[in-house]
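Scroll down for the structure; my scribbles are underneath it.
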Amino acid sequence: MIVKNKKTILFAIIAFGLLITVTLVLFVLHKNNKANKNTTVVIKNTLGYISKTDKNYFYVLEKGTWNKMFIKGVNIGAGKPGAFPGDVAITYDEYYRWFGYISQMNANTIRVYTVQRPQFYNALYDFNKKAEKSGKKPIYMIHGVWVNENDITTINDAYGNNDKILKDVITSGKETVDILHGNCYLPVRKGYADGTYTSDVSKYVIGWILGIEWDPSFVVSTNENNPKRNNYNGKYLYTKDASPFETFLCNMGDKIIDYEMTKYKMQRPVAFSNWVTTDPLKHPNEPYKNEDIVSVNVEHVKGHNSLKVGMFASYHVYPYYPDSFSFQTNYVKFKGTDGKPNPYLAYLEEINKFHSMPVLISEFGIPASRGKAHENKVTGFNQGFIDEKTQGNMLLKMMNDMHFGGLAGGLAFSWQDEWFKRTWNNNDLDLPDSRPFWLNAQTNEQHFGLLALEPGNQKSICYIDGAFNDWAKDKPLVSSGNIKMDVKSDEGYVYLMIDAKNYDFNKDTLLIPIDTINGQGNKSFSKYKTTFSNNADFVIKIHGKNDSHVLVDTYYDNYYFRYGVLTNLIKTEPSFEIKNTGIFNYIRLNTNKEFVVPKLNTVIPFTGYETGLLKYGNANPNDVDFNSLSDFNYNNGKLEIRIPWQLLNVMDPSGKYVIDDMYAQGKISPLKVDGFRFGVENMKNGASQDLIMKEYDWKTWETPTFHERLKPSYYILQKGLQKLN
């Protein structure tokens, strides 16, 4: 045994006392910080990280101080008119301008799903540097790492084909790390970003969201095929009681964190993409089995002490999907602060309570579209047929619910409208390769944006507002007695202007027959005992504000053909399958197929709604009474109408393709046409015999025109987000 001298012992006692003192000070500071959520702590940034999480929130290091931040922002997609996302066609100037709008909206964060071209990072770097120089806060970013969806479909196993998906996503993650640090070159590959990346934006990236919305069958297949791959212990992440799929997530997350730490000595909080369909909660009243068949629980992925910044949970949560939001008993009975049913807030509080880490709603949205694809039966927060003002109010309501529920924040989907998108209930009615070249008002997925991208270089060629100045230089297509009609079109709509004398808008009925395809259509409209010079495939009927419709020849009714003939989901009517019956149907879209709600044994029938019903109002965004859903307007003997191309069975107006004879082809298929024929008649004057129809032709295009417009929803969020901190 060695006995130390008194001097050595004295130094040891002093050193030990200092250690105890520092420890107590740090402990008190920590306790004070936990007690007061608004307290900030100054620390030395030894690791080079700028964001972290605790149990509930994000913190961002700003000038040596950790500031708690409620995340409020938007997702930015890669699409723009005339381009698919894989074209990565958005310019530096567009990004820079958008960042200005987003900052002015009082948002603090953007999210991208995958690697963009250098111009995105260059614009963000330049914008933030300028903001910081002027004393303003930068825009922070959460970055994604995409997983190849084709591989998911074909391999259907995260470890299949010699771990191809796992290896590819790790490689992609490492490339993304280099890109964020301005240290990467990507060669040209069709459908992917490329270029030389020199802008180091790493100090603005506050988190990772790795992966995509997981297909339940992909998760199930991975778990069933790899029962022994249920454990992973890496440098920064490890699993506990994990499934093979959760182990896959842990593996890829750990490798990406390790790469950035090894090469750049930085790390940032990590999350794995998830949605209600694969959340860890139980949904006993969910009518579709696949929407609640398997769970992905990120609580089974843990961080070692080496992970200094923490983790968070990421969910995409929309108020109308899945159907649990309409039928789950405890959700629909839940009352919000206003005393009204609020199943959305009920879910937010439940998922937040489940987790030991912050919960970020990384996608939520409401499409301001004419077409509708799904409904929330309780709140009316629907997937479509929502005007732009209501869109803003609904988005703000959901963001306030996140704030009230104690979540870490929310990222609205999306910043800009995207023309390339499709929707399940009408995606067989257009041509996939030409979707980006025209605006489909019937496809709700194209209209989630706060920034509208609309036809026309500077403005629309026509606003439905009752002013009629848009028509001043146009000549009538049809002129007959007391009535004249002009027609024009753009990448989104067909526009009509009718000038009629002795016309009583509230009492009289106008009929506008349209011939779109040769060899079929009705020669007459039996209900009104009128005949046409050409067979009409459609008739627009205008009878006051509440009884105006676009009607379709029963033989050309794609709704009946798809659900009555091809799938036998609605009652069949043999007379509809005969040409030239003189009968026209209402135009409909489906919102759900028949299903039974579990536990409740409630049968929800096959449901469709009349999308051909025309809405009266003002569609000019510059006017105070603007309603984006408006289809027609009347003023002093003149009538303006706009009709979305798809309501006339147009599959691609840029190439002049319409739906071919469905019964002759046995399916929905395209046919190229030369033009349409239009006529018009006021039935007050009696039924016409061989009502004259004149040809309207339009030019095809390869590059669409478009311009930007901030929707009313943008300004509603701008005002509301200012109050959320």
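Remember, predicted model here, so these are calculated numbers, not experimental data. In this chain, numbering begins with 1 at the start of the sequence shown. Computed from heavy atoms alone, side chains included, the values below leave out hydrogens, waters and symmetry copies.
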Close aromatic pair by centroid cut-off 6.0 Å: [X] and [Y]:
X      : Y      : value
Tyr555 : Phe576 : no
Phe561 : Tyr663 : yes
Tyr320 : Phe381 : no
Phe437 : Phe84  : no
Phe525 : Tyr528 : yes
Trp698 : Phe676 : yes
Phe364 : Phe413 : no
Tyr559 : Tyr563 : yes

Please determine, by modelled atom types, if [X] and [Y] share a side-chain donor-acceptor pair under 3.5 angstrom.
X      : Y      : answer
Asp387 : Thr390 : yes
Ser524 : Asn522 : no
His707 : Gln458 : no
Asn444 : Thr423 : yes
Asp625 : Asn618 : yes
Trp471 : Glu640 : yes

Between the side chain of [X] and the main-chain N/O of [Y], is any donor-acceptor distance below 3.5 Å?
X      : Y      : result
His549 : Leu614 : no
Thr153 : Glu149 : yes
Gln391 : Ser713 : no
Asp547 : His543 : no
Asn376 : Thr379 : yes
Asn534 : Arg677 : no
Asn75  : Ala412 : yes
Asp504 : Lys507 : yes
Lys672 : Gly655 : yes

_Among Glu291, Gln383, His374, which residue satisfies the side chain to side chain donor-acceptor pair (under 3.5 Å) criterion with Tyr321?_
Glu291
_Residue from Thr554, Asp553, Asp557 passing side chain to side chain donor-acceptor pair (under 3.5 Å) with Asn585_ = Asp557
*Does the pair Lys656/Asp674 count as a salt bridge with the N-to-O cut at 4.0 Å?*
no
*Does the distance from a Lys or Arg side-chain N to an Asp or Glu carboxylate O, for Lys488 and Asp474, drop under 4.0 Å?*
yes
Looking at every non-hydrogen atom in both residues, tell me the closest pair between [X] and [Y] and how far apart they are.
X      : Y      : answer
Trp645 : Ser489 : CZ2-CB, 3.5 Å
Tyr463 : Asp470 : N-OD2, 2.8 Å
Met683 : Thr530 : CE-CB, 4.2 Å
Thr705 : Gly456 : OG1-N, 2.9 Å
Asn382 : Glu375 : OD1-CA, 3.3 Å
Val550 : Leu648 : CG1-CD2, 4.4 Å

Is the number of heavy atoms from other residues, nucleotides or ligands within 6.0 Å of [atom1] ([X]) greater than 12?
X      : atom1 : answer
Lys667 : NZ    : no
Asn469 : CG    : yes
Arg422 : CZ    : no
Lys377 : NZ    : yes
Lys579 : NZ    : yes
Lys459 : NZ    : no
Lys529 : NZ    : no

*asked:* Below 30° counts as parallel, above 60° as perpendicular, anything between as tilted: where do the rings of Tyr616 and Phe505 land?
replied: tilted
*Using 30° and 60° as the class limits, which term best fits the ring planes of Phe385 and Tyr609: parallel, tilted or perpendicular?*
tilted
*asked:* Check whether Phe632 forms a cation-pi arrangement with Lys615 (NZ or CZ under 6.0 Å from the six-membered ring centre, at most 45° off the ring normal).
replied: no
*Think Lys593 forms a cation-pi with Phe606, using NZ or CZ under 6.0 Å from the six-ring centre and within 45 degrees of its axis?*
no
*asked:* Assess the residue pair Ile542 and Leu639 against the criterion (side-chain contact (heavy atoms from CB on, under 4.5 Å)); give the C-alpha distance rounded to whole Å, side-chain angles, the decisive distance to 0.1 Å, and a yes or no.
replied: CA-CA 10 Å; Ile542 302 295; Leu639 185 73; 3.9 Å; yes
_Apply salt bridge (Lys or Arg N to Asp or Glu O under 4.0 Å) to residues Arg642 and Asp490 and explain how you reach the verdict._
CA-CA 10 Å; Arg642 68 174 182 180; Asp490 61 16; over 6 Å; no
*Applying the ring pair (Phe, Tyr, Trp, His ring centres under 6.0 Å) test to Phe538, which of Tyr556, Tyr586, Phe532, Phe678 qualifies?*
Tyr556
_Measuring only between side-chain heavy atoms, which start at C-beta, is Glu445 closer than 4.5 Å to Phe448?_
yes
*Would you check, one step at a time, whether the test salt bridge (Lys or Arg N to Asp or Glu O under 4.0 Å) holds for Arg435 with Asp430?*
CA-CA 7 Å; Arg435 284 180 185 136; Asp430 60 16; 2.9 Å; yes
*Apply side-chain contact (heavy atoms from CB on, under 4.5 Å) to Ile483 and Asp499, showing your working.*
CA-CA 6 Å; Ile483 194 165; Asp499 185 357; over 6 Å; no
*From CA spacing to verdict: salt bridge (Lys or Arg N to Asp or Glu O under 4.0 Å), Glu454, Arg709*: CA-CA 8 Å; Glu454 298 182 314; Arg709 175 178 63 82; 2.8 Å; yes
